[in-house]
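Heavy atoms only: backbone and side chains are in, while hydrogens, waters and symmetry mates are out. Throughout, numbering of the chain's residues begins at 1 and tracks the sequence.
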Amino acid sequence: MTTSSRIVAFLGFCVLLQAKPSLAAHASILNAVEMKKSVSLLQKVRTVRHFCAPCADTAWQEERIRRVDPSKHGPSDEWSILLNDKPVDVAYLYIPSGRNWRNLADLAGISYPDIPPQLDSMALYSNTKQSELLGDNLTWAGVYEFEDWAQYGSTGNRSTTLYTLTLFDTDSLASARFHADGLETFHRMQVAIVPEGENLHIVLENYLRENYGEPFAPGDTLFTLRRQAGGESATEWKRLRPSRPEPGQSFKRIRLNPLQFAD
C-alpha cells in the first residue's frame, strides 16, 4: 500500500468516523494480512478498551463486542474494520490477553513508537498534575473503608471482608494503597488513581510483596469514587463488587489524614 493511497483512504475513514481534528491517524487503513489478523483477534474476545495515547486520553472506554466486519476500499488492498457497525483504528483498541490488556495493532504486527503496547495504568496518570486530583475545596486524600459480608454454610455464619483505600495527600497522590482483610483474604495492592472530572477511577497497578492471592489483573478498574454534594463520595462498582449488592453501598472516608496510618 503506497503512502498516498493510505492518506486518501484515511480521509474517507475520517468522514465516516467524524473524528476530532486532534485525532492522530495510525492503523485505520490496513492491508489484507493486517485486517485478517485483527479481525481474528477481535472475534476471540468479548470486550475491547478504547484508549488513544496520542490524543492525550486519561481514561479508557470499554465496549462490548456485538459484531466485527471488514470493509474493503475499492479494488486496492486497503481495508478498514467496523466494530459494532462503526469504523475503528486498531491502534487505539486494547484486548484482554492473559492478565493484561494488549494493543490490537501491536498484536497484529503493527507497532508505533507513540502507542503503548500494553494498557498500563501508568500511562493514564503519568502526565496528571496534582491539582487534577483535587476538588474545588475538598481533597480526596484520606482513608476510606467498606465492609462486605456473605453468609456461608448451613449455620448461616458470616464471612466479613474489610476493604481499605488509602489516598495520600502528597506529591505521590497518584499512587495509593488498597487492602482487603477477611477469612482467607489478605490482599495488599498498589493502585493508580485516574481522574475524570471530579471522579476518581481506582485501578490496580500491582500487588505488593506481602499480598496473598491475586483475584484481579493489573490494569483492572476496581471501582470509581464519584463526588457527591457536601464532599461525600458514592462508589460505582467495577471489577470489585459486593457479595450482597444493596442500594447505597459505598466506601466511606473515616480519616482525613492518611499519613499516620501508612504501611
Side-chain angles (χ1 to χ4, degrees), residues 49 58-60 62 96 98-101 118-126 128 130 132-135 138-150 159-228 231-246 248-263:
R49 285 179 176 176
T58 58
W60 59 72
E62 286 197 7
R99 298 179 60 83
N100 300 305
W101 288 77
Q118 181 171 305
L119 191 56
D120 190 335
S121 58
M122 290 292 292
L124 302 184
Y125 69 79
S126 59
T128 298
Q130 170 97 2
E132 290 181 288
L133 302 177
L134 307 177
L138 294 169
T139 177
W140 279 102
V143 179
Y144 297 74
E145 287 188 349
F146 172 72
E147 186 174 87
D148 191 22
W149 64 273
S159 173
T160 301
T161 301
L162 179 65
Y163 295 99
T164 305
L165 173 68
T166 305
L167 305 183
F168 303 101
D169 193 6
T170 68
D171 290 339
S172 60
L173 182 60
S175 185
R177 295 289 185 269
F178 186 58
H179 294 179
D181 296 278
L183 181 64
E184 299 182 351
T185 300
F186 190 82
H187 302 314
R188 296 292 182 266
M189 314 174 208
Q190 179 170 313
V191 293
I193 302 169
V194 182
E196 182 182 17
E198 290 194 347
N199 306 320
L200 296 182
H201 301 295
I202 308 302
V203 180
L204 174 59
E205 185 174 340
N206 60 265
Y207 288 97
L208 302 177
R209 179 178 300 177
E210 62 271 28
N211 177 77
Y212 176 77
E214 300 183 1
F216 310 108
D220 281 349
T221 301
L222 302 177
F223 54 92
T224 297
L225 295 178
R226 298 196 174 278
R227 181 75 79 192
Q228 303 293 297
E232 295 296 323
S233 64
T235 302
E236 180 180 338
W237 305 101
K238 302 289 188 178
R239 285 285 288 114
L240 176 68
R241 294 183 177 276
S243 299
R244 299 172 63 88
E246 297 175 0
Q249 288 177 311
S250 180
F251 278 85
K252 302 297 182 183
R253 182 160 59 178
I254 62 170
R255 302 185 186 100
L256 292 176
N257 180 11
L259 297 183
Q260 56 187 301
F261 299 99
D263 291 343

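- Side-chain atoms of Tyr144 never come within 3.5 Å of backbone atoms of Ser250 as a donor-acceptor pair (strictly under, hydrogens ignored).
- Interatomic distance, NE2 of His179 versus CG of Leu162, reported as 11.0 Å (0.5 Å rounding).
- Under the 3.5 Å distance criterion, the side-chain polar atoms of Asp220 are left unmatched by any main-chain donor or acceptor of Leu204.
- A donor and an acceptor atom, one from each side chain of Asn199 and Thr224, are nowhere located under 3.5 Å apart.
- Taking both residues in full, the closest heavy atoms of Arg49 and Gly219 are given as NH1-O, 3.1 Å, listed atom of the first, atom of the second, then distance.
- The shortest distance between side-chain heavy atoms of Leu222 and Leu165 does not fall below 4.5 Å.
- To the nearest 0.5 Å, atom CG of residue Leu183 and atom OG1 of residue Thr160 are 9.5 Å apart.
- Heavy-atom minimum distance, Arg239 versus Phe216: O-CE2, 3.7 Å.
- Here His201 contributes atom NE2 and Arg226 contributes atom CZ; the two are 6.5 Å apart, rounded to the nearest 0.5 Å.
- Minimum interatomic distance between Asp148 and Arg241 (heavy atoms only, all atoms of both residues): OD2-O, 4.3 Å.
- Note on ring orientation: taking the six-membered ring where Trp is involved, the planes of Phe251 and Trp237 are tilted (angle from 30° to 60°).
- Pairing each heavy atom of Phe223 with each of Lys238, the nearest pair is CA-CG, 3.8 Å.
- The aromatic rings of Tyr163 and Phe178 lie parallel to each other, with less than 30° between the two planes, well short of the 60° mark.
- For the residue pair Asn211 and Arg188, the shortest heavy atom distance occurs at OD1-N, 2.8 Å.
- Side-chain contact between Thr221 and Val194 is absent, with no heavy-atom pair separated by less than 4.5 Å.
- In this structure a side-chain-to-backbone donor-acceptor pair under 3.5 Å is present from Gln249 to Arg244.
- Atom CD of Glu147 is separated from atom NZ of Lys252 by 14.0 Å, given to the nearest 0.5 angstrom.
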